[in-house]
Amino acid sequence: MAEFKQSTKLHNVLYDIRGPILQAAQQMEAEGHRILKLNIGNPAPFGFEAPDAILVDMIRHLPHAQGYSDSRGIFSARTAVSQYYQTRGIQNIHVDDIYLGNGVSELITMSLMALLDDGDEVLIPTPDYPLWTASVALASGKPVHYLCDEESGWQPDLEDLEAKITPRTKGIVVINPNNPTGAVYPEATLKKIVALAEKHGLVLFADEIYEKILYEDAVHVNLASLTGDDVLCLTFSGLSKAYRVCGFRAGWMAISGPKKAAADYLEGINLLANMRLCANVPAQHAIQTALGGYQSINDLILPGGRLLEQRNKAYDMLNAIPGVSTQQARGAMYLFPRLDPEVYHIRDDEKFVLDLLREQKILLSHGRAFNWVRPDHFRMVTLPNVKDLEEAINRMADFLSRYKGN
């Protein structure tokens, strides 16, 4: 029998959020165990439902959504996205600058495949959302990670960022609000990143899928509102998080800046968009209603809202565990706690998460799955209701009281 092996292109492609730990959890579920999944930011299983208006509008358009759309997406949805960004102070994004995708994930991969040659480098924050690192590697590029400083609220280390720019660097990824840390970057920091991109002729990739999930006095500044016509900026967002419809796979990419200078690159994006024919058409019809309707996400992030209350409970309880500390999230739906190496001698954070899973039936993501540099962090989602969070964190505290390392 012939043996069939995976392509060598995948040898440096990792996505451990859905890797061996999840497989172990699925095996345990098949054996009858109930697993509390705190590993993926998927609101629906935790009782967060989509606004009714979005569902109704999508259903009403189903008879007209059975065929392909324009490869960039239906006109009404792209118009809604471009108009939304105009209200955010980005005047140089027009309908033809919008590409709809099967989630942001597809568009990230397309944008990098169209840009990178073998060995081209892209600067990505550490910790990161690992799809960025994986997609750069898949496109035959080289992911280069710039540090974010935990003691400064996980803000980018701009000196480290600039020091890692080389002649092979093609772009900078900015994840704001940040997954996994929950950091929200101030305008002054973003302006410095824009200045670096302009100085070195780099593309900016702005991952802003959590832009509407902000807490207390946090303010989100769209990166493209600072780039003007001087820096090419690709902005990524969608409906998955703020509108609680991850399964719809309704994302978009908006291109701003010097588009004439990027004409060849944009032709490559068009080619890849045409090759995949189009994004999920029924879900495209949800975009105009979502952006133009009542923003129910505000009910969840303001005082008394579930997301805010759950974030606060998780933060307080985690910091009360000896040897555990976490920065407060200012946006998104995650915390990225630190395990003090003086207390917990953990050499393998994946094994730590597996041990917790097997003993307490709680599923987390280990820190190095987010390309963090040491085995001393983990990510947990703050989506469960307060009662379930209390139970989960109490069980984690009990586990940690007896777990000193591996």
Side-chain angles (χ1 to χ4, degrees), residues 41 43 84-85 87-90 104 123-129 131-132 145-158 160-161 172-197 204-227 233-238 240-243 254 295 297-303 305-316 318-319 325-338 367 370 372 377 379-383:
Y84 167 71
Y85 283 123
T87 69
R88 299 285 296 169
I90 310 170
V104 166
L123 287 160
I124 303 169
T126 178
D128 70 344
Y129 175 52
L131 180 74
W132 281 103
H145 293 98
Y146 64 89
L147 290 171
C148 294
D149 180 19
E150 185 169 15
E151 296 303 315
S152 300
W154 291 113
Q155 295 296 308
D157 183 333
L158 298 179
D160 186 63
L161 172 58
I172 303 172
V173 174
V174 180
I175 306 172
N176 179 41
N178 187 267
N179 173 13
T181 66
V184 177
Y185 302 155
E187 183 173 341
T189 296
L190 296 174
K191 284 183 175 179
K192 291 176 182 177
I193 294 174
V194 170
L196 286 175
L204 288 175
F205 299 91
D207 184 342
E208 298 178 345
I209 189 69
Y210 297 99
E211 63 180 306
K212 292 180 178 290
I213 304 179
L214 304 168
Y215 304 110
E216 296 165 340
D217 60 348
V219 176
H220 179 260
V221 177
N222 294 99
L223 190 61
S225 69
L226 306 175
T227 56
C233 184
L234 278 60
T235 301
F236 302 84
S237 193
S240 291
K241 308 301 182 178
Y243 301 95
Q295 300 301 297
I297 186 62
N298 293 329
D299 298 333
L300 300 173
I301 61 176
L302 294 173
R306 267 193 67 183
L307 286 175
L308 177 63
E309 297 303 313
Q310 291 161 191
R311 178 207 68 153
N312 291 344
K313 175 60 70 174
Y315 172 81
D316 290 341
L318 285 167
N319 279 312
S325 61
T326 183
Q327 296 286 330
Q328 181 61 290
R330 305 195 70 221
M333 51 184 65
Y334 313 97
L335 292 173
F336 197 63
R338 178 176 182 267
F370 302 90
W372 183 236
H377 282 73
R379 189 192 75 169
M380 66 171 286
V381 302
T382 56
L383 290 170

Report task. Would you check if the distance from the ring center of Tyr334 to the ring center of Tyr210 is below 6.0 Å? Result -> yes

Validation row: [X], [Y] side chains within 4.5 angstrom (heavy atoms):
| X | Y | result |
| --- | --- | --- |
| Pro125 | Ile175 | yes |
| Asn178 | Val184 | no |
| Tyr185 | Val221 | no |
| His377 | Pro127 | no |
| Leu161 | Pro156 | no |
| Gln155 | Pro186 | yes |

Could you give the distance from [atom1] ([X]) to [atom2] ([Y]), rounded to the nearest 0.5 Å?
| X | Y | atom1 | atom2 | answer |
| --- | --- | --- | --- | --- |
| Asn298 | Leu214 | CG | CG | 9.0 Å |
| Thr382 | Arg306 | OG1 | CZ | 10.0 Å |
| Phe336 | Asn179 | CZ | CG | 9.5 Å |
| Gln327 | Tyr315 | CD | OH | 7.0 Å |
| Thr326 | Arg338 | OG1 | CZ | 11.5 Å |
| His220 | Glu208 | NE2 | CD | 4.0 Å |

Query raised in the report: Would Leu383 and Leu307 satisfy side-chain contact (heavy atoms from CB on, under 4.5 Å), going step by step from the backbone distance to the final call?
Result: CA-CA 7 Å; Leu383 290 170; Leu307 286 175; 3.8 Å; yes

Query raised in the report: Has Lys192 got more than 12 heavy atoms of other residues, nucleotides or ligands less than 6.0 Å from its NZ?
Result: no

Report task. Among residues two or more places apart or on two chains, list those pairs meeting salt bridge (charged side-chain N to carboxylate O under 4.0 Å, His left out) that have a residue in residues 214-227. Result -> Glu216-Arg311, Asp217-Arg330

Nearest heavy-atom neighbours spanning [X] and [Y]:
| X | Y | answer |
| --- | --- | --- |
| Cys233 | Thr227 | CB-OG1, 4.0 Å |
| Phe236 | Val104 | CB-CG1, 3.7 Å |
| Pro177 | Ala332 | CB-N, 4.2 Å |
| Lys241 | Gly41 | NZ-O, 2.6 Å |

Requested in this report: Kindly indicate, with the supporting measurements, whether the criterion side-chain contact (heavy atoms from CB on, under 4.5 Å) is fulfilled by Ile213 and Ile297.
Outcome: CA-CA 7 Å; Ile213 304 179; Ile297 186 62; 4.0 Å; yes

Query raised in the report: Are Thr126 and Leu147 close enough, and set up right, to give a side-chain contact (heavy atoms from CB on, under 4.5 Å), and what steps lead you there?
Result: CA-CA 5 Å; Thr126 178; Leu147 290 171; 3.7 Å; yes

Query - Side-chain donor-acceptor pair present, Gln295, Tyr243, cut-off under 3.5 Å - result: yes

**Report entry** Pairing of Lys191 and Glu187 as salt bridge, 4.0 angstrom limit
**Finding:** yes

Reference residue [X]; test side-chain contact (heavy atoms from CB on, under 4.5 Å); the match among [options]:
| X | options | result |
| --- | --- | --- |
| Leu223 | Ile172, Thr235, Asp207, Leu190 | Leu190 |
| Tyr215 | Leu308, Leu302, Asn312 | Leu308 |
| Leu204 | Val173, Ile193, Leu226, Leu196 | Ile193 |

Requested in this report: Report the relative orientation of the aromatic rings in Trp154 and Trp372; use parallel for angles under 30°, tilted for 30 to 60°, perpendicular for over 60°.
Outcome: perpendicular

Query raised in the report: Yes or no on side-chain contact (heavy atoms from CB on, under 4.5 Å) for Ile209 and Tyr129, after CA distance, side-chain angles and deciding distance?
Result: CA-CA 11 Å; Ile209 189 69; Tyr129 175 52; over 6 Å; no

